[in-house]
Asks: 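Have a look at this one.
Computed from a prediction, not measured in an experiment: that's the story for all the values here.
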Amino acid sequence: MAKVLKEYFGEVRASDAFQYGYGAVRNYLDVPYEANAVDWVITNPPFRLAEDFVQRSLLVARRGVAILARTVFIESVGRYRNIFEKNPPTKFAQYTERVPMLRGRLDRKASTATGYAWLVWEKTAASSTRLMWVPPCRKALERDNDYLTSALPTPPGRISTGKISRKK
């Protein structure tokens, strides 16, 4: 994800709990960051830690936070009380096609029954949530060179985040 974000943003700082061939190896939740340290935090956090990632990222980011998560992330009473009740996302963008997620690698033929969505918190936007859909786009957006690094080792667990500053 960080490599693609680098095409759009001027600075991208990437980290992961395991070496996937891009970015520093560290745990986002353990590294100290100042409030408003980056423009955006864009991440695909581990599901079991996604609530912690959102809460931390809302402090770290100046402009906003975007997380890629399983759609069921919005179903929890605990997450509703801890995040959504007082700080709902400004956008909820549901993928219309399934997005296969594989640890540390890409596979052109992968499939999944799990639905994913982007939850976005824009700090200067209105507080109501806008529901939107990500139209079918996987085949149009994939590139052959996306698969060149797909032979990286697959670690047993994962914590991932990307922090970015928008180009001036």
Side-chain angles (χ1 to χ4, degrees), residues 1-95 99 101-106 116-132 134 141 146 149 152-168:
M1 181 173 8
K3 285 173 70 172
V4 174
L5 290 171
K6 185 95 173 109
E7 295 174 13
Y8 181 76
F9 293 97
E11 178 186 356
V12 174
R13 293 182 235 159
S15 65
D16 208 306
F18 299 97
Q19 182 54 257
Y20 287 113
Y22 195 90
V25 176
R26 64 175 164 244
N27 182 333
Y28 174 66
L29 297 175
D30 291 342
V31 176
Y33 290 97
E34 292 182 20
N36 299 313
V38 297
D39 288 340
W40 281 87
V41 174
I42 301 174
T43 185
N44 173 17
F47 188 82
R48 67 182 178 80
L49 298 174
E51 183 177 335
D52 295 333
F53 269 63
V54 169
Q55 290 175 335
R56 175 123 198 252
S57 298
L58 288 169
L59 297 172
V60 170
R62 279 186 295 273
R63 298 183 63 188
V65 173
I67 69 160
L68 177 60
R70 295 192 324 233
T71 303
V72 298
F73 182 73
I74 66 170
E75 294 177 7
S76 163
V77 171
R79 283 187 289 275
Y80 171 75
R81 289 189 176 136
N82 294 333
I83 300 173
F84 305 131
E85 184 174 30
K86 293 185 176 126
N87 201 359
T90 53
K91 290 185 174 81
F92 180 86
Q94 177 66 48
Y95 278 93
V99 180
M101 300 280 179
L102 304 168
R103 241 182 231 153
R105 65 186 177 88
L106 296 170
Y116 286 90
W118 281 102
L119 284 81
V120 180
W121 288 261
E122 297 166 292
K123 292 196 171 184
T124 59
S127 62
S128 62
T129 303
R130 179 176 170 215
L131 173 62
M132 52 188 22
V134 178
L141 296 176
D146 289 342
T149 59
L152 293 171
T154 304
R158 178 180 166 176
I159 296 177
S160 176
T161 186
K163 289 143 308 277
I164 56 165
S165 295
R166 182 156 171 115
K167 286 181 182 175
K168 303 283 183 204

Asks: Got a second to check how far Phe92's CZ is from Ile74's CD1, nearest 0.5 Å?
Replies: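 Spacing of CZ (Phe92) from CD1 (Ile74) equals 4.0 Å.
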Asks: What verdict does the side-chain contact (heavy atoms from CB on, under 4.5 Å) test give for Val38 and Tyr33, after you've listed the backbone C-alpha separation in whole Å, the side-chain angles of each residue and the deciding distance to 0.1 Å?
Replies: CA-CA 9 Å; Val38 297; Tyr33 290 97; 5.8 Å; no
Asks: Give me the atom names and distance for the closest heavy-atom approach of Val134 to Ala93.
Replies: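 Shortest heavy-atom contact: CG2-CB, 3.9 Å.
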Asks: Atom CD1 in Ile42, atom CD1 in Ile67: separation rounded to 0.5 Å?
Replies: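 Atom-to-atom, Ile42:CD1 and Ile67:CD1 are 12.0 Å apart.
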Asks: If you compare all heavy atoms of Pro45 against all heavy atoms of Leu68, which two are closest, and at what distance to 0.1 Å?
Replies: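 Heavy atoms of Pro45 and Leu68 come nearest at CD-O, 3.7 Å.
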Asks: Report yes if some heavy atom in the side chain of Trp40 is under 4.5 Å from a heavy atom in the side chain of Glu122; otherwise report no.
Replies: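 They are in contact (side-chain heavy atoms under 4.5 Å apart), so the answer is yes.
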Asks: Would you say CD of Glu34 has more than 12 non-hydrogen atoms from neighbouring residues, nucleotides or ligands within 6.0 angstrom?
Replies: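 No, the 6.0 Å shell around CD holds no more than 12 heavy atoms from other groups.
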Asks: Test side-chain contact (heavy atoms from CB on, under 4.5 Å) on Lys91 and Arg130; report intermediate values, then the result.
Replies: CA-CA 5 Å; Lys91 290 185 174 81; Arg130 179 176 170 215; 4.3 Å; yes
Asks: When rounded to the nearest 0.5 angstrom, what is the spacing between CZ in Arg81 and NZ in Lys86?
Replies: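 Here the rounded value is 10.5 Å.
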Asks: Just verifying a value: how many Å separate Leu5 CG and Arg13 CZ, rounded to the nearest 0.5 Å?
Replies: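 Reported value, rounded in 0.5 Å steps: 13.5 Å.
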Asks: Under a 3.5 Å distance rule, please check whether Thr90 uses its side chain to pair with a backbone N or O of Val120 as donor and acceptor.
Replies: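 Between the backbone of Val120 and the side chain of Thr90 there is a qualifying donor-acceptor contact (under 3.5 Å).
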Asks: Is the closest side-chain heavy-atom distance between Phe53 and Val65 below 4.5 Å?
Replies: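 Contact flag for Phe53/Val65 side chains = no.
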Asks: For a quick test of reading the model, state the closest non-hydrogen atom pair linking Asn36 to Arg62 and the distance between them.
Replies: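 Smallest heavy-atom distance, with atoms named: O-NH1, 2.6 Å.
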Asks: With heavy-atom distances below 4.5 Å as the criterion, would you say the side chains of Trp118 and Met132 are in contact?
Replies: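 Not touching, per the 4.5 Å side-chain cut-off.
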Asks: Looking at every heavy atom in both Arg26 and Val31, which two are closest together, and how far apart are they?
Replies: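 Residues Arg26 and Val31, closest heavy atoms: CD-CG2, 3.2 Å.
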Asks: Identify the heavy atoms of Gln94 and Thr71 that sit nearest to each other, and give their distance.
Replies: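 Heavy atoms only, the tightest pair is OE1-OG1, 2.8 Å.
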Asks: Kindly compute the distance separating CG (Leu119) from CD1 (Ile83), expressed to the nearest 0.5 Å.
Replies: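 So the CG of Leu119 and the CD1 of Ile83 are separated by 9.0 Å.
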Asks: Quick check against the 3.5 Å criterion: does Trp121 have a side-chain atom that pairs as donor or acceptor with the backbone of Leu58?
Replies: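 Flag not set: sc Trp121 to bb Leu58 has no pair under 3.5 Å.
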Asks: Does any non-hydrogen side-chain atom of Val41 lie less than 4.5 Å from one of Tyr28?
Replies: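 They are in contact (side-chain heavy atoms under 4.5 Å apart), so the answer is yes.
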Asks: Any donor-acceptor pair under 3.5 Å linking the side chain of Thr129 with the backbone of Pro89?
Replies: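 Yes: the side chain of Thr129 pairs with the backbone of Pro89.
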Asks: Between Glu51 and Asn82, what is the shortest heavy-atom contact and its length?
Replies: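 Between these two residues, the closest heavy atoms are OE2-ND2, 2.7 Å.
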Asks: What residues, two or more places apart in sequence or in another chain, satisfy ring pair (Phe, Tyr, Trp, His ring centres under 6.0 Å) together with Phe84?
Replies: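 Scan of Phe84 (ring pair (Phe, Tyr, Trp, His ring centres under 6.0 Å), adjacent residues dropped) gives Phe73.
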